Amino acid sequence: MKRIGKGMGTREAVLTGISAFLAFVCAGRIFFLLRAQGNVYTMGIFPLALLFGMYCLWKGALFLEEVFFAVPVRVFLAACFAALQVLGLVFSHPGICSVSEAVLWVACFTPLTFAGQNMLFFLVKRSAGDDAAKRRDAVPADAAAGPMGHGRKGSFPGAFALVFLGFCVPYATYYPAIMAYDVIPQLDQIRASGLTTHHPLIHTLLLKGCLEVGELLSFLPNADRAGLALYSLIQMAAVAACFAYVYCLLCRRGVHRWLCYAFVLCAAVFPTHGMLAVSITKDTIYAALVMVFTVFAYELAAGEENQGYGWFVRYGILTALLLLFRNNSVYAWILYVLAVSVSLFRRKSYFKMVCISHAAAFLLYLAINTLMVQAVSASSDTYAREMLSVPAQQIARVVQYHEDELTREDREAIAAVWGENLPEYESAIADRSKKDIAGDRETLRIFAGEWVSLGLRYPGEYLQAFLLKNKGMWDLTDVTYLNDVYTYAKGYLQITYPSDQQPYMEALAPGYVRHQKLQLLQALYRYFAAGDELWRYCPPAALVMQPAFYCYLLVFCCLCCIGLKRPALLLPAVYLLALAGTLLLGPCVLTRYLYPLMLSVTVLALLLFGRAARK
């Protein structure tokens, strides 16, 4: 590659100096405005990005040539990233600047972003090798490894024991479990209203089974605490097994050993993993399954045709579990299957095995799901309004900011859908705007007509409603996802439930009381995951804790696969991209919703870039 390590000419030095000066002046202006509002600490990631960009300018990265894509494409990507971050700043601090000044900031930060992007692309391309022969042999090299890979074997028992022991610390701290607010409707199904398919039925039945086992343990003082403790242990073991399994697969695929060790150590000691492992929420096991599925999808894309029947059996069982533990995951999986079919169509024998595996997995999913529903007589309680998060938010925003401009027809349609009250609008979460919508066909027809009508008149409000609801997925300095609109579940991991529902909680799980013996550890975890998160003051930690970081990392992985001319390795990202799409259409951005992406994108990055570091 050119420029790196070489001196710059006069023209290049002048342009680099101007770019650095403009970015520095704009950054100073932003810090000054934020300081006036008392919000400088929320921009911890901004100085980190600024320093990285300055370093890249100093290394001459602004003028790197032959970095994957043509200059106009890279300029467009850099400008889009800079525009989104400035837009996030403006949304987070309304009135902080005029529109013209915001546009000026985007223009001044784009060269800095362009240089940083060039540097990252350069490092990836240099690690992968520049010559066409290496690029051409990259996939066969993986293929030659087969399902067992060409690297060393990792110790599954050792990795499992380390991760499980790490989980025991939050388990002891929050014994018998972290009762997040989502567990209340599931306990209501188990103890009062009857089982439904609104939450994944397999997860509700797992919780129900653990509570019933707790009732059989008559020698213990409290059956509910015993049942919840058993559930926590099962979930801890399942998640630890997934981490250990992925660790072994990373080793076999030749990922650098120190990266593999860091992966296991992070799984054991990083608070996010441990706290979610003992939190009774449907998202934890699903996230671990998606992580394992990502590795299998990578092997499917890069593997040899003789994977072995055992590999396909494991792949099919994993796929069925994946679909069972998330109701809407089938939509993302269908897109993934279509992409796999198109990609592998020419490899006849391999294509046939893959199709059989996918068909068997889907039939297994349908069979198990049907048997569970019929065995417990669960009702099909999938509310139609759950799919209306985005349009409900868009209509609610128009109603809030343009109520005086609504016509008589608009008001009649809104009254037919929402009743006497107008839809409530809260930018970060759609639950309030959609909670009063009925699911009958006539109501949905009226809703659709009004959504189209208002959208044609207020397209800007519709776009802003969509961006604000998903701000946590594109703004690296976003904090809206840390605060639930209902005020009772604030924090990074939403580990609390409403205080006014305490009596109802005790009625559903009589005698459940979280022990208070490890107050110091609870205080440390609470400071990490509740209201005032410690990591927000540490820019590197803030970056890896931010959901938007993993969304951008996923896009970066896809761009690198395209730039390296290895499109087959995009297949693992297809499911993750489709999953991100379902989250964009969901009610809000929460860490536990993004947790599957956070785990899986990290593993995908290790598979794509970690092998290049192997000595």
Side-chain angles (χ1 to χ4, degrees), residues 1-124 474-478 537-540 542-543 546 548-549 552 556:
M1 299 300 298
K2 300 180 180 179
R3 306 301 180 192
I4 291 292
K6 297 182 179 180
M8 290 185 289
T10 303
R11 172 178 169 274
E12 295 170 351
V14 170
L15 291 176
T16 297
I18 292 174
S19 299
F21 175 76
L22 291 176
F24 185 79
V25 170
C26 289
R29 167 70 172 166
I30 290 172
F31 278 118
F32 176 79
L33 293 173
L34 288 176
R35 186 174 183 275
Q37 296 184 358
N39 290 309
V40 176
Y41 78 95
T42 64
M43 295 293 291
I45 295 174
F46 183 49
L48 182 68
L50 187 67
L51 289 174
F52 176 72
M54 291 294 183
Y55 171 78
C56 295
L57 286 175
W58 176 63
K59 296 295 288 184
L62 189 64
F63 302 97
L64 281 173
E65 301 173 6
E66 301 175 5
V67 186
F68 286 160
F69 305 105
V71 172
V73 175
R74 284 182 278 140
V75 170
F76 174 76
L77 293 173
C80 286
F81 179 81
L84 285 174
Q85 304 319 303
V86 171
L87 185 63
L89 174 67
V90 173
F91 281 166
S92 298
H93 308 279
I96 192 174
C97 67
S98 63
V99 174
S100 58
E101 186 172 6
V103 173
L104 179 63
W105 289 351
V106 173
C108 291
F109 284 130
T110 294
L112 197 73
T113 306
F114 182 77
Q117 174 188 256
N118 284 351
M119 177 67 80
L120 293 174
F121 283 152
F122 163 75
L123 293 175
V124 171
W474 55 266
D475 180 15
L476 284 173
T477 61
D478 175 65
Y537 297 88
C538 178
L543 183 65
Q546 203 76 9
F549 170 72
Y552 285 116
F556 179 75

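Computed from a prediction, not measured in an experiment: that's the story for all the values here.
The ring pair (Phe, Tyr, Trp, His ring centres under 6.0 Å) test applied to F91 returns no partner, not counting sequence neighbours.
Of the inter-residue distances, the one linking F24 atom CZ with C108 atom SG reads 13.5 Å to the nearest 0.5 angstrom. Distance check, rounded to the nearest 0.5 Å: CZ of F109 to CD1 of I30 gives 4.0 Å. Taken from CG in L87 to SG in C80, the straight-line distance is 12.0 Å, to the nearest 0.5 Å.
Closest approach of T110 and V106 over heavy atoms only: OG1-O, 2.6 Å. Of all the heavy atoms in V90 and A102, the pair that sits closest is CG2-CB, 4.2 Å. Here the closest non-hydrogen pair linking M54 and A23 is CE-CB, 4.2 Å. A pairwise comparison of heavy atoms in D475 and S92 identifies OD2-OG, 3.9 Å as the closest pair. Across all non-hydrogen atoms, the minimal contact from P111 to L57 is O-CD2, 4.4 Å. Considering all non-hydrogen atoms of both residues, Q546 and T477 come closest at NE2-C, 3.8 Å.
Classification of the F81-Y552 ring pair by plane angle, with boundaries at 30° and 60°, yields perpendicular.
Screening residues 45-58 for side chain to side chain donor-acceptor pair (under 3.5 Å), with sequence neighbours left out, gives no hits.
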| task | Any chance you could lay out the side chain to side chain contact (heavy atoms under 4.5 Å, CB included) test for L62 and N118, step after step, and finish with the verdict? | result | CA-CA 7 Å; L62 189 64; N118 284 351; 5.8 Å; no

| request: Apply side chain to side chain contact (heavy atoms under 4.5 Å, CB included) to L34 and F46, showing your working. | output: CA-CA 12 Å; L34 288 176; F46 183 49; 6.0 Å; no

| request: Given side chain to side chain contact (heavy atoms under 4.5 Å, CB included), test R74 with F68 step by step and report yes or no. | output: CA-CA 9 Å; R74 284 182 278 140; F68 286 160; 6.0 Å; no

| task | Apply side chain to side chain contact (heavy atoms under 4.5 Å, CB included) to F52 and L120, showing your working. | result | CA-CA 11 Å; F52 176 72; L120 293 174; 4.0 Å; yes

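Checked by atom type and distance alone, the side chain of Q85 pairs as donor or acceptor with a backbone atom of W474 at under 3.5 Å.
L89 has its side chain within reach of W105: a pair of non-hydrogen atoms, C-beta onward, lies under 4.5 Å apart.
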Going by atom type alone, with no hydrogens or angles, which donor-acceptor pairs under 3.5 Å involve a side-chain atom of residues 13-20 and a protein atom two or more places apart or on another chain?
unit_1	atom_1	unit_2	atom_2	d
T16	OG1	E12	O	2.8
S19	OG	L15	O	2.9

